[in-house]
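Start at 1 with the first residue, then count along the sequence.
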Amino acid sequence: QVQLVESGGGMVQAGGSLKLSCAASGRTLSGHVMGWFRLARGKEREFVASIGWSTGSTNYAASVRGRFTISRDGAKNTVYLQMNSLQPEDTAVYYCSTCIPTLQRGCDPLGIWGQGTEVTVSS
C-alpha cells in the first residue's frame, strides 16, 4: 500500500507561485499515473494535472494549463506541482493520488489520498 504526503502549500498573493510536493512511500510509483486534485470550499473535487510515472506523459485541466507544471523525481519517489500565476480561484486544498486517465475527467483517482496541503491565494 502506498502512502502519500503532500506539502508546500501556503498563502500567496495573486500572481505568485508555489511548488507542491507529494512524497510517496510504501512502494514504487513505477507504472502508475499520479494526479493532483483540489477541493475548494463549496465545490466538488477537481482534477488538476497528471503524469505517467514511467512515460512522463502529462495532462492538465484547462483551468491550469500554461500556469501549472507537473513533474516527478524517480529517485525521491516524489511528484511536484509547480504553480505559477496563481489566482484566487486556485484557492483549495490540494491532494495527490494515483489515478486512471480518462478522456472525460482527466484522471480518476484510485482512492489513496494524503492529508492534503492548503493553498490560499489572495487578490
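- With contacts defined as side-chain heavy-atom distances shorter than 4.5 Å, the pair Ile51/Val33 does not qualify.
- The NZ atom of Lys19 lies 5.5 Å from the OG atom of Ser71; values are rounded to the nearest 0.5 Å.
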Dump the intermediate steps for side-chain contact (heavy atoms from CB on, under 4.5 Å) on Glu89 and Ser63, then the final yes or no.
CA-CA 10 Å; Glu89 52 265 35; Ser63 59; over 6 Å; no
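- In this structure, CD1 on Ile112 lies 6.5 Å from CG on Leu4, to the nearest 0.5 angstrom.
- Applying the side-chain hydrogen bond (donor to acceptor under 3.5 Å, both in side chains) test to Tyr95 and every residue at least two apart in sequence or in another chain returns nothing.
- Using a 4.5 Å cut-off on side-chain heavy atoms (C-beta onward), Leu20 and Phe68 make no contact.
- Atom NE2 of residue His32 and atom CD1 of residue Ile100 lie 10.5 Å apart, to the nearest 0.5 angstrom.
- Side-chain contact check for Tyr80 versus Ile70: every heavy-atom pair is 4.5 Å or farther apart.
- When side chains are defined from C-beta on, Phe47 does not count as touching Arg105, because their heavy atoms never get closer than 4.5 Å.
- With contacts defined as side-chain heavy-atom distances shorter than 4.5 Å, the pair Val121/Pro88 qualifies.
- By the side-chain contact (heavy atoms from CB on, under 4.5 Å) test, Arg45 is found to be paired with Phe37, Leu39, Pro109, Trp113, residues two or more places apart in sequence or in another chain being considered.
- Thr117 places none of its side-chain heavy atoms less than 4.5 Å from the side chain of Arg38.
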side-chain contact (heavy atoms from CB on, under 4.5 Å) assessment of Glu118 paired with Met11:
CA-CA 8 Å; Glu118 188 166 8; Met11 298 180 63; over 6 Å; no
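- By the rule that hydrophobic residues join a cluster once side-chain heavy atoms approach within less than 4.5 Å of another member, Leu81 and Val2 end up as members of one cluster.
- We find the CD-OG distance between Gln87 and Ser123 to be 9.5 Å, quoted to the nearest 0.5 Å.
- Distance CG/Asn59 to CG/Leu103: 9.0 Å, rounded to 0.5 Å.
- Cluster annotation: Leu86 is not connected to Val93 through the hydrophobic network of ILVMFWY side chains, with a link wherever side-chain heavy atoms come within less than 4.5 Å.
- For the atom pair OG1 (Thr78) and CD (Glu6), the distance works out to 11.5 Å, reported to the nearest 0.5 Å.
- Heavy-atom neighbours of Gln13 CD from other residues, nucleotides or ligands within 6.0 Å: at or below the threshold of 12.
- Take Ser17 and apply the side-chain hydrogen bond (donor to acceptor under 3.5 Å, both in side chains) test, not counting sequence neighbours, and it matches Asn84.
- Side-chain contact between Asp108 and Cys99 is absent, with no heavy-atom pair separated by less than 4.5 Å.
- Listed for the Asn77 side chain is a donor-acceptor partner under 3.5 Å among the backbone atoms of Arg27.
- The nearest pair of heavy atoms linking Cys22 to Trp36 is CB-CZ2, 3.6 Å.
- Both Tyr60 and Met83 belong to a common hydrophobic cluster when Ile, Leu, Val, Met, Phe, Trp and Tyr are linked at side-chain heavy-atom distances under 4.5 angstrom.
- No side-chain heavy atom of Ser50 sits less than 4.5 Å from a side-chain heavy atom of Met34.
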